[in-house]
Amino acid sequence: GTVTPIKITNKEIANDFLNRYDTFLFDCDGVLWLGNHLLPYTKEFLDTLTKLGKQAIFVTNNSTKSRLQYTKKFASFGVTVKEEQIFTSGYASAIYVRDFLKLQPGKDKVWVFGESGIADELSKMGYESLGGVDPRLETEFDATTSPFLINGLDESVTAVIAGLDHNINYHKLAITLQYLQQEKVHFVGTNVDSTFPQKGFTFPGAGSMVESLAFSSGRRPAYCGKPNMNMLNTIVSAFNLDKSKCCMVGDRLNTDMKFGVEGKLGGTLLVLSGIETEERALEISEEHVNPKFFAEKLGDIYELYKQ
Ligand code: PLP
Ligand code: CA
């Protein structure tokens, strides 16, 4: 956007911000917590929204955990969240397979490159998946002995979902490529993030692995996480949301803020507790969109509101 972002620095702006929206979509890491450490006043902020009759929805690009595992993560911080309030890029990918590609449970199977968060969501929808965390993929690749090649490829596989795998190896890439070489097999990517930050370091993100498969296969994946509109459309229809009354809250300009602006949500809030700085929030650049509001951290808005 070209409008200068508003920094939330006093009670009046904080109240105005909270009054404008009915639904808040929260990115998780960098906004609510950093890894396993809850940011200050996250719980109080969420409780305040509940008291004000607002709706909270959690939208994460992390495909490695299922929504059920996310509810447990919230519970470990003393925050009660329903599974229905959570959207991971793995869940969004499973919905894409069901509602857009229209794969049939019991007939079509999905080959997974990634962790258990993807297969768990597929299984909940009745889909059988292959690959993923199968321990037989952990062995060194040998084309003559791989159990995934010995009896040929599984003819029932009609889609590949690829996401971040902390145990990426050549065997997994090699078998996934065999499925992608089949024209009938759809190619779905959980999220395009090239990197993600953790403890002051920058690590390879899902996109760095999915794009390796895109390169070797010469194909383009349909990405389902932020900032892709597949994710937003799923959420809007699940809750029948009025987009003009929604605000996207995130820590990343090129995914979270882009998601909110391109999705034509009523507002966007950037928090600086994750990966962006105030200079970046204010900088006009071809490479990112600016937020409507920004704050150092979510808890600051709670503290100003409470004054
Ligand atoms: N992908 C992985 C594997 C992660 O661990 C994280 C953060 O924990 C993310 C993506 C980014 O998640 P979010 O969209 O909640 O910031
Ligand atoms: Ca984030």
Side-chain angles (χ1 to χ4, degrees), residues 24-39 42 46 56-67 69-74 76-77 79 81 85-93 112-121 132-133 161-168 172 189-212 223-228 230-232 234-235 247-260 263 268-277 280-281 288-289 291 294-298:
F24 294 82
L25 307 181
F26 292 97
D27 166 63
C28 297
D29 197 64
V31 173
L32 308 175
W33 57 66
L34 289 171
N36 291 320
H37 152 74
L38 193 68
L39 284 160
T42 293
L46 295 174
I57 299 168
F58 304 95
V59 190
T60 177
N61 267 359
N62 187 353
S63 69
T64 66
K65 287 193 180 75
S66 65
R67 291 174 304 149
Q69 286 173 297
Y70 259 89
T71 64
K72 289 175 183 164
K73 177 155 188 161
F74 276 95
S76 77
F77 294 130
V79 181
V81 165
Q85 288 173 274
I86 299 169
F87 286 80
T88 69
S89 62
Y91 179 55
S93 301
V112 173
F113 177 97
E115 298 188 32
S116 63
I118 301 169
D120 288 352
E121 299 299 350
V133 297
I161 298 180
L164 189 129
D165 187 343
H166 287 88
N167 295 302
I168 180 175
K172 294 172 182 182
T190 57
N191 59 304
V192 69
D193 301 43
S194 56
T195 58
F196 73 89
Q198 206 172 40
K199 294 186 190 291
F201 299 98
T202 298
F203 296 112
S208 64
M209 298 176 195
V210 182
E211 288 298 317
S212 160
Y223 280 112
C224 293
K226 297 170 290 183
N228 198 283
N230 289 331
M231 179 82 130
L232 186 64
T234 301
I235 299 169
C247 180
M248 177 67 201
V249 183
D251 71 324
R252 195 166 183 148
L253 291 164
N254 67 6
T255 53
D256 304 321
M257 297 302 104
K258 189 164 184 235
F259 183 70
T268 47
L269 168 70
L270 181 79
V271 288
L272 305 177
S273 47
I275 62 177
E276 306 288 6
T277 58
R280 285 256 305 164
H288 70 243
V289 295
F294 71 104
E296 289 297 331
K297 51 192 188 305
L298 200 60

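Every number for a ligand or one of its atoms is a count from 1 in the order of the listing. In this text, all values refer to a predicted model and were calculated from it rather than measured experimentally.
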F26 and side-chain contact (heavy atoms from CB on, under 4.5 Å): which single residue from I57, V249, T42 fits? V249
Show which atoms of ligand 1 fall inside a sub-4.0 Å distance from at least one heavy-atom site of L164. 3 (C)
Verdict with reasoning, T60 to D29, per side-chain contact (heavy atoms from CB on, under 4.5 Å): CA-CA 8 Å; T60 177; D29 197 64; 5.9 Å; no
K226-ligand 1 polar pair, N/O distance under 3.5 Å: yes
Taking every heavy atom of E121 against every heavy atom of R67, the minimum-distance pair comes out as OE2-N, 2.7 Å
Considering only the protein, which heavy-atom contact is closest to atom 5 (O) of ligand 1, and what is its distance? N62 ND2, 3.4 Å
Does D27 come within less than 4.0 Å of K226, counting only side-chain N to carboxylate O? yes
Roughly how far, to the nearest 0.5 Å, is the NZ atom of K258 from the CG atom of N228? 9.0 Å
Using side-chain heavy atoms (C-beta onward) and a distance below 4.5 Å, is L232 in contact with V59? no
Would you say ligand 1 has an N or O under 3.5 Å from any N or O of N191? no
Between T268 and M257, what is the shortest heavy-atom contact and its length? CB-SD, 3.7 Å
Can you tell me if an N/O/S atom from D256 lies under 3.0 Å from the Ca ion (ligand 2)? no
Please name the atom of D29, restricted to N, O or S, that is closest to the Ca ion (ligand 2). O
So if I count the atoms of ligand 1 from 1 in the order they appear, which ones are less than 4.0 Å from some heavy atom of C28? 15 (O)
Where the Ca ion (ligand 2) is the corner point, what angle links OD2 of D27 with OD1 of D251, to 10°? 80°
Any nitrogen or oxygen of D251 lying under 3.5 Å from a nitrogen or oxygen in ligand 1? Just yes or no. no
Tell me: protein heavy atom nearest atom 13 (P) of ligand 1, and distance? D27 OD1, 3.0 Å
Evaluate N36 against K73 for side-chain contact (heavy atoms from CB on, under 4.5 Å), listing each step before the verdict. CA-CA 9 Å; N36 291 320; K73 177 155 188 161; 3.6 Å; yes
the protein heavy atom lying closest to atom 12 (O) of ligand 1 turns out to be T60 OG1, 3.4 Å
